[in-house]
Amino acid sequence: MTLDPTTTDMVGLRDSIASKQVSATEATRTYLDRIAAHNDGLGAYLEVHDERALQRAADVDSGKITGELAGVPIAVKDLFCTSYGHTTASSRMLEHYRSPFTATAVQRLEDAGAVILGKTSMDEFAMGSSCETCFRGGAKNPWDTTRVPGGSSGGSAAAVAADLCAAALGSDTGGSIRQPAALTGTVGLKPTYGRISRYGMVAFASSLDQCGPFARSVRDAALLLRIMAGKDPMDGTTAPIVVEPDLADVDQPVESLRIGIAKQYILEGANDPAVQQAVDNAVKFYESHGATVVEVDLPHTRYGIPVYYVVATAECSSNLARYDGVHFGHRTGEPVNDIVELFSKSRAEGFGDEVKRRVMLGTYALSSGYYDAYYNRALKVRRRIKQDFDDAFLQCDAILCPTTTAPAFKIGEKSDDPLSMYLNDVYTVNANLAGIAGVSLPAGTTEVDGKQLPIGIQLLGDAFAEAKLLRIARLYEEGHAHSALRPSI
Ligand code: GLN
């Protein structure tokens, strides 16, 4: 059997390798050939580890490497440390950085037998929604290469959408998995805060960052979650709860399903008609499958963006202080008079404009005299946003809403307008502020300028309720053919 990556999901491929219909080497070569043919145009990967990947595939074929993901080729966002290749977070600051260790999430995939193909492009330090703030090249949307793939995990999204890997890892601080998943027609899961270890994941905003998968199907995302999830002694923020053995059994029914709809997620005039239609159709779909639709109230939703951009920037200004050219990161080659000048020149050269903007905003919000007015107040409102969700999940099993207001925008369209870029996250940031789980699912395409562009719908679930959330997601996926849609590349 010859492998056609455009007609299988990761679990399907895994099964073909396990039953020896396809060898791991053949699978890995097939993806590497596709990368060689298409990556120049798409810019999904920053670095491909061909030799290492083929060696691991050979070890799977010889039986030396086994496991639930044996031989499955996976891509990794370039902010997960790997003890091979570079880890740059798409920043000049880390251009030459080689990590001495591998992130727990990546290690758990490798321990299960996965073959890591390489590192994918992203917005610098995961700050952005378009994959345009990378130091070197940004990824493009495989559905229309004049458009962004979303961000910040745009390279991982583009790689999955174009079948340049079977699945990929991303990180989601304010939407960076779900938004690019929606714009590329892939499944993107942001797990609950504390579900997956962030050890070895370059930090942006530590109270919001969460690692998660991009996948072709809900069952793929669920399996990757189950394999990566769980307590890690190297990350004190991982939750000490036992990973449910049936976390990946997405075909189990959800009894007496209640789907929540919040008026705060239907912003008057903001949603593209095709996006609104997709959500409305999904509501009807669930109703026709026996679900009760309940209206839930999330009154503090509209404070999400301002709160997020205070909390995230404050935390990033602190996290990024370590990149001073001495402890970590790029060091200026210019002559300097003292250590302060060394720090400031190194940082001025190493960071891009968006990162500098965030560090300045965050430093301001934390500065004495403004701390209470901005940072402390933001924390109080954040608590209310969380309370809204706690109340809502007493009444429903999942909240259905758009992932983004519109399909992918043009490259360059928002790059000079940070506020309009930030507003892109209107439907995603609140899940991070509340620490809950969210998944974006392919919901069909809409024609824009003669091209079909994907649309996503989002399901939000309570903290640590991913098993239920993914079963609800699976029900939608099963009832539609959206996941089979592919861009012509
Ligand atoms: N787009 C958001 C931001 O720019 C979210 C980024 C993310 O989730 N990493 O901060």
Side-chain angles (χ1 to χ4, degrees), residues 77-80 89-91 120-134 138-139 148-157 168-184 188-193 196 198 201-214 304-317 319-320 351-362 365 378 382 403-406 408-409 413-415 417-440 456 458 460:
K77 184 178 183 176
D78 203 25
L79 52 50
F80 291 94
S90 275
S91 180
T120 57
S121 181
M122 53 184 277
D123 282 296
E124 185 178 4
F125 282 103
M127 298 171 196
S129 307
S130 65
C131 218
E132 292 171 289
T133 69
C134 335
V148 303
S152 63
S153 317
S156 287
L169 280 195
S171 67
D172 191 312
T173 305
S176 279
I177 293 175
R178 291 160 290 152
Q179 183 256 18
L183 303 193
T184 57
L189 171 67
K190 179 207 110 61
T192 307
Y193 185 79
I196 301 180
R198 295 153 330 146
M201 193 174 106
V202 175
F204 162 11
S206 302
S207 77
L208 301 162
D209 295 343
Q210 183 55 214
C211 150
F214 284 91
I305 291 278
V307 168
Y308 172 82
Y309 278 95
V310 170
V311 173
T313 58
E315 292 183 14
C316 99
S317 73
N319 273 327
L320 270 55
F351 289 140
D353 288 348
E354 182 58 28
V355 174
K356 286 177 186 162
R357 181 180 297 125
R358 305 262 181 137
V359 169
M360 284 189 280
L361 283 169
R382 180 181 188 175
T403 312
T404 59
T405 54
F409 50 91
E413 191 180 319
K414 297 184 199 267
S415 40
D417 183 356
L419 193 58
S420 103
M421 192 72 92
Y422 296 174
L423 289 173
N424 225 275
D425 307 326
V426 64
Y427 294 136
T428 50
V429 292
N430 286 18
N432 302 76
L433 290 168
I436 60 170
V439 61
S440 180
Q458 181 175 215
L460 299 173

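Just follow the structure's listing: the first ligand is 1, and inside any ligand the first atom is 1. Keep in mind that the numbers below use all heavy atoms, side chains included, and drop hydrogens, waters and symmetry copies.
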Under 3.5 Å, N/O to N/O: give me all the pairs between ligand 1 and the protein, one per line with atom names and distance.
{"from": "ligand 1", "atom 1": "1 (N)", "to": "Gly128", "atom 2": "O", "distance (Å)": "3.0"}
{"from": "ligand 1", "atom 1": "1 (N)", "to": "Ser129", "atom 2": "OG", "distance (Å)": "2.8"}
{"from": "ligand 1", "atom 1": "1 (N)", "to": "Asp425", "atom 2": "OD1", "distance (Å)": "3.2"}
{"from": "ligand 1", "atom 1": "1 (N)", "to": "Asp425", "atom 2": "OD2", "distance (Å)": "3.0"}
{"from": "ligand 1", "atom 1": "4 (O)", "to": "Gly128", "atom 2": "N", "distance (Å)": "2.9"}
{"from": "ligand 1", "atom 1": "4 (O)", "to": "Tyr309", "atom 2": "OH", "distance (Å)": "3.4"}
{"from": "ligand 1", "atom 1": "4 (O)", "to": "Arg358", "atom 2": "NH1", "distance (Å)": "3.4"}
{"from": "ligand 1", "atom 1": "4 (O)", "to": "Arg358", "atom 2": "NH2", "distance (Å)": "2.7"}
{"from": "ligand 1", "atom 1": "8 (O)", "to": "Thr173", "atom 2": "N", "distance (Å)": "2.7"}
{"from": "ligand 1", "atom 1": "8 (O)", "to": "Gly174", "atom 2": "N", "distance (Å)": "2.6"}
{"from": "ligand 1", "atom 1": "8 (O)", "to": "Gly175", "atom 2": "N", "distance (Å)": "3.3"}
{"from": "ligand 1", "atom 1": "8 (O)", "to": "Ser176", "atom 2": "N", "distance (Å)": "3.0"}
{"from": "ligand 1", "atom 1": "8 (O)", "to": "Ser176", "atom 2": "OG", "distance (Å)": "2.6"}
{"from": "ligand 1", "atom 1": "9 (N)", "to": "Ala126", "atom 2": "O", "distance (Å)": "2.8"}
{"from": "ligand 1", "atom 1": "9 (N)", "to": "Ser152", "atom 2": "OG", "distance (Å)": "3.4"}
{"from": "ligand 1", "atom 1": "9 (N)", "to": "Thr173", "atom 2": "OG1", "distance (Å)": "3.4"}
{"from": "ligand 1", "atom 1": "9 (N)", "to": "Ser176", "atom 2": "OG", "distance (Å)": "2.7"}
{"from": "ligand 1", "atom 1": "10 (O)", "to": "Tyr308", "atom 2": "OH", "distance (Å)": "2.6"}
{"from": "ligand 1", "atom 1": "10 (O)", "to": "Arg358", "atom 2": "NH1", "distance (Å)": "2.8"}

Task: Counterpart residues, ring pair (Phe, Tyr, Trp, His ring centres under 6.0 Å), relative to Tyr422 (two or more places apart) - done: Tyr309

Task: Qualifying residues under salt bridge (Lys or Arg N to Asp or Glu O under 4.0 Å), relative to Glu132, sequence neighbours excluded - done: none

Task: Nearest heavy-atom neighbours spanning Cys131 and Pro149 - done: CB-CG, 4.0 Å

Task: side chain to side chain donor-acceptor pair (under 3.5 Å) involving Ser91 - partner list, sequence neighbours excluded - done: Glu124

TODO: Could you grab the distance from atom CG of Asp172 to atom CD of Gln210, nearest 0.5 Å is fine?
DONE: 8.5 Å

Task: Single hit among Ser156, Ser121, Ser153 for side-chain hydrogen bond (donor to acceptor under 3.5 Å, both in side chains) with Lys77 - done: Ser153

